[in-house]
Amino acid sequence: MRIAIDWKKRGREALLLAGISLFLAFVRPYGSNSSAPFLLNFGIWLLLILSGSVVGELTVNTYYRLRPNGPAWLMIIITSLVTAAGVTFVIYALAFVTGGYIQVGDGPIHILYFYVLVIATAMTLVGYTVSRAFDLAGPDFVHAANDSDAVQTFLQRLPVKFHTADLWAVTSEDHYCRVFTSLGSDLILIRLSDVDRELADADGLRVHRSWWVARKGVARAERGDGKLKLILRSGEEVPVSRSYQAAVKDAGFAS
């Protein structure tokens, strides 16, 4: 089984994290490593930002696995607290490994944790905002070989909370498409024709000029006044165009 990595997305993330590290190395918040050369300070910040990013992403994924419909504000709070703890540990580990060359300050650990928490919270907020705007965040290890893989790859377009959901249907709304899943729905900027292409290997099909439906999303089919419609598990009614009725019947979506 092949595992694909979205290198383009990861490349954008790496540039963003490097830019943040460069900024922090320049401003040296809290007087961090004030005597260290600039390149060394940049390297330290890059390591801390990368470690924080890894801890943060793992925390977000765990949060949405445990609470698929959990509020974003709670995710941000938990992720900030856990990320700050992880980065604080890394700072002390660096100080130990370098024999104190990298200083952590003379104050108690909870003071250092507070300083790290301020930056971790800012990073989490930035990450959440950017991920919603530009689709930069979230896991990108997806299996690309069969129906399930095509669906999982497509779901990466949605916020992290939807990445483990079952895909039920997609409908076009102006220049956007609304994606219906077992964990709710959300809008993404994409054309339905592109959705149809990306889900070509998925167990579903186009049933209307404005609808694509997955087999597992169909609860039942109904017919009235010579018209056929599919009822999704979420309750939405999906019209089936005359031109697609034969394909819908052949696929076993309706009799």
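Everything numeric here is computed off the predicted structure, so don't read it as measured data. In what follows, residues are counted from 1 in the order of the sequence shown.
Taken to the nearest 0.5 Å, the CZ atom of Phe154 stands 11.0 Å off from the NE2 atom of His163.
By the criterion of side-chain heavy atoms lying less than 4.5 angstrom apart, applied directly or through intervening Ile, Leu, Val, Met, Phe, Trp or Tyr residues, Ile49 is grouped together with Phe42 in one hydrophobic cluster. Under a hydrophobic-cluster definition in which Ile, Leu, Val, Met, Phe, Trp and Tyr are linked whenever side-chain heavy atoms come within less than 4.5 Å, directly or via other members, Leu58 and Val55 are assigned to different clusters. Hydrophobic clustering keeps Leu232 apart from Val170 (ILVMFWY residues linked when any side-chain heavy atoms are closer than 4.5 Å, directly or through intermediates).
For residues 173-185, the set of pairs meeting the salt bridge (Lys or Arg N to Asp or Glu O under 4.0 Å) definition, not counting sequence neighbours, comprises Glu173-Arg178. Within the structure, salt bridge (Lys or Arg N to Asp or Glu O under 4.0 Å) contacts touching residues 231-244 (residues at least two apart or in different chains) are Lys229-Glu237. Counting only residues at least two apart or in different chains, side chain to side chain donor-acceptor pair (under 3.5 Å) contacts with residues 75-90 comprise Ser80-Thr124. The ring-ring contact (aromatic ring centres under 6.0 Å, His included) contacts involving residues 179-201 comprise Phe180-Trp211, where partners must be two or more places apart or lie in separate chains.
Leu81 and Tyr113 make their closest contact through O-OH, 2.9 Å (heavy atoms, listed as atom of the first residue, atom of the second, distance).
Remark: Val218 engages Val213, Leu230, Phe253 in a side-chain contact (heavy atoms from CB on, under 4.5 Å) (not counting sequence neighbours). Contacts of Phe38 classified as side-chain contact (heavy atoms from CB on, under 4.5 Å), with partners at least two apart in sequence or in another chain: Leu22, Ala25, Phe26, Arg28. Residues meeting the side-chain hydrogen bond (donor to acceptor under 3.5 Å, both in side chains) test with Glu222, sequence neighbours left out: Arg220. Every residue two or more places apart in sequence or in another chain was checked for a salt bridge (charged side-chain N to carboxylate O under 4.0 Å, His left out) with Arg223, and none qualifies. Taking Ser243 as the reference, Ser241 meet the side-chain contact (heavy atoms from CB on, under 4.5 Å) condition, with sequence neighbours excluded. By the side-chain contact (heavy atoms from CB on, under 4.5 Å) test, Leu155 is found to be paired with Val151, Gln152, Leu167, Thr181, residues two or more places apart in sequence or in another chain being considered.
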Leu48/Ile119 under side chain to side chain contact (heavy atoms under 4.5 Å, CB included): CA gap, chis, key distance, verdict: CA-CA 11 Å; Leu48 295 179; Ile119 296 178; over 6 Å; no
I would like to know whether Lys161 and Met75 meet side chain to side chain contact (heavy atoms under 4.5 Å, CB included); could you show each step before the answer? CA-CA 10 Å; Lys161 63 178 292 185; Met75 177 274 293; over 6 Å; no
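The hydrophobic cluster analysis finds Ile231 isolated: no Ile, Leu, Val, Met, Phe, Trp or Tyr side chain comes under 4.5 Å of it, directly or through other members.
Checked by atom type and distance alone, the side chain of Arg215 pairs as donor or acceptor with a backbone atom of Ala251 at under 3.5 Å.
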